[in-house]
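Structure record follows, encoded as structure tokens.
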There are 2 protein chains.
Amino acid sequence: MATRARRPERREEPLSRERIVEVAIELLDTAGERGLTFRALAERLATGPGALYWHIAGKGELLDAATDAVVAGTLTAGPVDAAPREATRALALGVFDAVEAHPWIGAQFARAPWRSPMLRVFERLGRQVQAIGVPEAAQFTAVSALLNYILGVAGQNAANARAHQERQPDTDRAQFLGAVSASWAELDPDAYAFTRNVAEQLRDHDDREEFLAGIDFILTGIAVRHGPTGTALS
Amino acid sequence: MATRARRPERREEPLSRERIVEVAIELLDTAGERGLTFRALAERLATGPGALYWHIAGKGELLDAATDAVVAGTLTAGPVDAAPREATRALALGVFDAVEAHPWIGAQFARAPWRSPMLRVFERLGRQVQAIGVPEAAQFTAVSALLNYILGVAGQNAANARAHQERQPDTDRAQFLGAVSASWAELDPDAYAFTRNVAEQLRDHDDREEFLAGIDFILTGIAVRHGPTGTALS
DNA sequence: ACCTGAACACCGTTCAAGT
DNA sequence: ACCTGAACACCGTTCAAGT
């Protein structure tokens, strides 16, 4: 029941692919994935839905372009001369933070295979893995592991953000986690003994730290299997 | 342009939640996520769309129930008395194979947070992590890393299956990978030096082995950080 | 070349009416 | 209690007609 009170401002600049993508991102950020429709987009751009198709092939391409714009924007930053392990962490955190700021890119990321936004991250990760000294034959495997993990977390965070938004929009994050934690504590003690046991850890956990711990597990595993000796615990 | 020639068979058994979910799974497997509509479902069940709402709250619940039925079915199998590391690999492979057989659960998995299907996997992973000897305070982190990685691969495989199905349905997997690999080889040499470099590795890689390698990285990382001494390379 | 907006072919969901 | 199917409120997309 969101109010539709936003009036179509008079258009001073001409319609363009860039402008459409820009407004699409605004719409996705404020109204969520379900809020992005060609009609809403057209209204904000003071035109009809058909006009958009002159610049963009369809909704899929629009989502791709919006995701790519956000991801490209976040990957420009980052420490340039850090040690490869630190640089990998920074890179991964950049994606993590982008998903937190724009939950919809998490879902889109997980949905589109080998498309432009993902390739950007793949390339950056690859350079760090090379710098770590992973032999060439194992580089694809190492980068895939890192990327798949990052995508998994991204998708999960997006899903959580959506659930939080749709089901308990007036609670804060701590309350939301508390509710999930409480529901775990009520699970069947035989079938879900472990889950009940860690319900408290869920309540107190820090998403970012948890995410980085996973990155460290993978980097450590890569180092043990493929790195120069002595780097496993670095 | 799929033919709709399937006639509604006379219904001998009464409508039930189980029957609806069963037909929904058939529809998802044969026609993909876009093929699951309440109208198509009602036609196959020889009724009207409204009837389904007596048994299922809506489309979200239907997708949840379908995913849960498939996941629950695959988790029953698996070696009972294997070493924890082997059991974890078997468990992970079970999810991997389920996603390969039913690509749509990959997307659904990644979309639904902390719902029943995911909790089943979480619990199973948790028991293995306990058996490995990870201290209690680190168990949630360890299981989260494994689960997020599995979800990432699942989502990615689902996305790839959909892209393969929608864009080159008459090519086999090797041809599809070859096409992606070839497109990588044409990327800008400066911006995508690494990606170009591993294009050949993409062409020849084995999804299952790649997946297991990632599981091993994480398990190794967990062992190095939290396991009893000497288990890192086991 | 670019825009307009009505129209088309769908959706998920509801609900009065039936049995 | 359970089913029916027309109707409602939307979608993405197309396209004849305009400028």
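Basis for what follows: all heavy atoms, side chains included, without hydrogens, waters or symmetry-related copies. Below, read A as the first sequence line, B as the second, and so on, with proteins coming before strands; counting in each chain starts at 1.
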For this session: Assess whether side-chain contact (heavy atoms from CB on, under 4.5 Å) is satisfied between B/Met118 and A/Gln156, documenting all intermediate values.
Result: CA-CA 11 Å; B/Met118 234 182 57; A/Gln156 214 48 37; 3.4 Å; yes

Between [atom2] on [N] and [atom1] on [X], what's the gap in Å once rounded to a whole number?
X       : N      : atom1 : atom2 : answer
B/Arg39 : D/dA6  : CZ    : P     : 11 Å
A/Leu63 : D/dT13 : CG    : P     : 10 Å
A/Arg34 : D/dC10 : CZ    : C1'   : 11 Å
B/Leu45 : D/dG5  : CG    : C1'   : 15 Å
B/Glu43 : C/dG12 : CD    : P     : 14 Å
A/Glu33 : D/dG12 : CD    : P     : 13 Å
B/Arg17 : D/dC2  : CZ    : C1'   : 16 Å
B/Lys59 : C/dC11 : NZ    : P     : 9 Å

Measure from the side chain of [X], starting at C-beta and using heavy atoms only, and say which of [options] lies closest.
X       : options              : result
B/Phe38 : C/dG12, D/dC3, C/dC8 : C/dG12
B/Tyr53 : C/dT14, C/dC8, C/dC3 : C/dT14
A/Leu15 : D/dC3, C/dC3, C/dA7  : C/dC3

Exercise. Mind checking who C/dC10 pairs with, Watson-Crick or G-U wobble, both distances under 3.5 Å?
Worked result: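 C/dC10 is paired with nothing.
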
Exercise. Taking any strand in view, what nucleotide pairs with D/dG5 in a Watson-Crick or G-U wobble way, both distances under 3.5 Å?
Worked result: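 Paired with D/dG5, as far as the under-3.5 Å criterion goes, is C/dC15.
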
Polar atom pairs (N or O), protein with nucleotides 17-19 of chain C, under 3.5 Å:
none

Exercise. Under 3.5 Å, is there a donor-acceptor pair between the side chain of A/Glu123 and the main chain of B/Ala193?
Worked result: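 Side chain of A/Glu123 to backbone of B/Ala193, a donor-acceptor pair under 3.5 Å: yes, one is there.
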
Exercise. Just by distance, do the side chain of A/Gln201 and the backbone of A/Val198 share a donor-acceptor pair under 3.5 Å?
Worked result: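 Absent.
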
Exercise. Do the two ring centres, one from B/Tyr149 and one from B/Phe211, sit under 6.0 Å apart?
Worked result: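 So the answer is yes for these two rings.
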
Problem set entry | Check: A/Phe122 ring centroid to B/Phe194 ring centroid under 6.0 Å | yes

Exercise. A/Trp54 side chain N/O closer than 4.0 Å to the phosphate oxygens (OP1, OP2) of C/dC3?
Worked result: no

Exercise. Between the side chains of B/Asn197 and A/Gln139, does any donor sit under 3.5 Å from an acceptor?
Worked result: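 Distance-only check fails for B/Asn197 and A/Gln139.
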
Exercise. Under 3.5 Å, is there a donor-acceptor pair linking the side chains of A/Glu210 and B/Ser144?
Worked result: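 No, no side-chain donor-acceptor pair sits under 3.5 Å.
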
For this session: Describe the nucleic acid contact of A/Leu36 in one word from base, sugar-phosphate, nothing, applying a heavy-atom distance below 4.0 Å.
Result: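 Answer is sugar-phosphate: A/Leu36 comes under 4.0 Å of backbone atoms only.
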
Exercise. Does B/His55 or A/Thr37 map to a spot on DNA chain D nearer the 5' end, using the closest nucleotide for each?
Worked result: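 Looking at the nearest nucleotide for each, B/His55 comes out on the 5' side.
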
